[in-house]
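Report on one structure; see the data block that follows.
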Amino acid sequence: MSSSILIARNLSKVVPSAEGELTILHDLCLELSPGDSLAIVGSSGSGKSTLLGLLAGLDLPSGGGVSLAGHDLAGLDEDQRARVRAEHVGFVFQSFQLLDSLNALENVMLPLELEGRSDARERAGALLERVGLGLRLSHYPRQLSGGEQQRVAIARAFVAEPDVLFADEPTGNLDSHTGERISDLLFELNRERGATLVLVTHDERLAHRCQRLIRLEGGHLVDHVEP
Ligand SMILES: Nc1ncnc2c1ncn2[C@@H]1O[C@H](COP(=O)(O)OP(=O)(O)OP(=O)(O)O)[C@@H](O)[C@H]1O
Ligand SMILES: [Mg+2]
């Protein structure tokens with residue numbers, strides 16, 4: 001068995017478009033050990049979110065494969081992939097994807113309730129407190145600012161203490177002070193629980209806190225900085 005928590009082998013993604021097939025990710029390889037932190041950088045449209053979705057098993061590649069926490073994702077059906085994600089993965093979407101009909105507390109409680117944990121309310125409340133939203137627990141997403149929604153999304157991704165935390169621009173909507181606090185929280189999870197971080201970011205300070213950095217350009221990996 002491999003000691004890697006995440007392996008991408010020759011990943012590619014091809015999508016149909018009016019002009020014919022478009023390759024948005026080319027033959028990308030990557031391997032992460034537990035506790036690694038990786039920043040993915042690159043200009044808009046370079047394939048960062050696409051790559052993150054493939055690594056987390058939210059989307060399937062056109063070529064190559066992903067192994068996540070010892071599971072070969074290509075060999076699993078959608079339900080099985082969802083189970084691997086529930087057990088091992090936290091994901092912060094670029095667009096947050098909070099459930100509109102649930103308030104902040106309920107959104108964060110959800111992953112724990114799905115696990116049948118009895119301490120869901122306390123844990124979710126404590127984490128929302130830590131991201132500075134202790135006074136917004138009963139607010140619905142539409143009653144929260146963009147940065148507040150982002151922090152709820154981060155708390156939701158954190159709450160079940162995932163082995164791998166994927167976050168797409170986790171500080172994109174935050175002022176520099178709040179962004180720094182959220183970065184601290186990400187790296188606490190990394191340090192204290194050995195969680196692996198995979199972060200898409202335009203935030204240079206956040207990128208430089210990561211041990212490793214890859215740069216995408218037009219779906220190609222052009223730069224790979226090892227520690
Ligand atoms: N399902 C799809 N069908 C067609 N094209 C797509 C699809 N998904 C992504 N693309 C294209 O692939 C490219 C990469 O998209 P992606 O969302 O991964 O970029 P990104 O690096 O995350 O950009 P940003 O920094 O703006 O979030 C873009 O040009 C986008 O238009
Ligand atoms: Mg993106």
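What you are looking at is a predicted structure, and each value in this text was computed from that prediction instead of being measured. Computed from heavy atoms alone, side chains included, the values below leave out hydrogens, waters and symmetry copies. Order of appearance sets the numbers: ligands from 1, and atoms from 1 within every ligand.
Rounding to the nearest 0.5 Å gives a distance of 8.5 Å between CZ of Arg209 and CZ of Arg205.
Among protein heavy atoms, atom 4 (C) of ligand 1 sits closest to Val15 CG2, 3.3 Å. For atom 26 (O) of ligand 1, the closest non-hydrogen atom of the protein is Ser44 OG, 2.6 Å. Here the heavy atom of the protein found nearest to atom 25 (O) of ligand 1 is Lys48 NZ, 2.7 Å. Among all protein heavy atoms, the one lying closest to atom 27 (O) of ligand 1 is Gln94 NE2, 2.9 Å. The single protein non-hydrogen atom nearest to atom 13 (C) of ligand 1 is Gly45 O, 3.5 Å, given as residue, atom name and distance. The single protein non-hydrogen atom nearest to atom 18 (O) of ligand 1 is Thr50 OG1, 2.6 Å, given as residue, atom name and distance. Of the protein's heavy atoms, Ser49 CB, 3.7 Å lies nearest to atom 17 (O) of ligand 1. Counting protein heavy atoms only, atom 12 (O) of ligand 1 is closest to Ile24 CG2, 3.1 Å.
Judged purely by atom type and a 3.5 angstrom limit, Gln149 uses its side chain to pair as donor or acceptor with the backbone of Leu144. Side chain of Asn107 to main chain of Leu99: a donor-acceptor pair is present (N/O by atom type, distance under 3.5 Å, no hydrogens or angles). No donor-acceptor distance shorter than 3.5 angstrom exists from the side chain of Glu148 to the backbone of Leu133, with no hydrogens or angles considered. Using a distance-only test at 3.5 Å, with no hydrogens or angles considered, no donor-acceptor pair links the side chain of Thr178 to the main chain of Leu174. Proximity of a side-chain donor or acceptor of Glu180 to a complementary backbone N or O of Asp175 within less than 3.5 Å is not detected.
Partner Cys210 forms a side-chain contact (heavy atoms from CB on, under 4.5 Å) with one of Leu186, Thr201, Leu199, Leu38 and no other, that one being Leu199.
Less than 4.0 angstrom separates atom 30 (C) of ligand 1 from none of the non-hydrogen atoms of the protein.
Ring pair His71/His88 is tilted by interplanar angle, where 30° to 60° counts as tilted.
The closest approach between any non-hydrogen atom of Ser43 and ligand 1 is below 4.0 Å. Ligand 1 lies out of reach of Gly42, whose nearest heavy atom is not under 4.0 Å from it. In this structure, Lys13 has no heavy atom closer than 4.0 Å to ligand 1.
With a heavy-atom cut-off of 4.0 Å, Ser17 does not touch ligand 1 at all. With a 4.0 Å cut-off on non-hydrogen atoms, Glu169 does not touch ligand 1 at all.
Checked against a 3.5 angstrom limit, the closest N/O atoms of Gly47 and ligand 1 fall inside it.
Checked by atom type, the side-chain pair Thr171/Asp203 shows a donor-acceptor distance below 3.5 Å. If you check the side chains of Asp168 and Ser49, you find a donor sitting under 3.5 Å from an acceptor. No hydrogens or angles considered: nothing links the side chains of Arg215 and His224 as a donor-acceptor pair under 3.5 Å. For the residue pair Ser4/Glu31, the side-chain donor-acceptor check at 3.5 Å is satisfied.
Less than 4.0 angstrom separates some heavy atom of His202 from each of these atoms of ligand 1: 25 (O).
For Phe93, the ring-ring contact (aromatic ring centres under 6.0 Å, His included) partners are Phe91, not counting sequence neighbours.
Excluding waters, the set of protein N, O or S atoms lying under 2.8 Å from the Mg ion (ligand 2) comprises Ser49 OG, Gln94 OE1.
Using a 4.5 Å heavy-atom threshold, the side chains of Leu30 and Arg212 count as touching.
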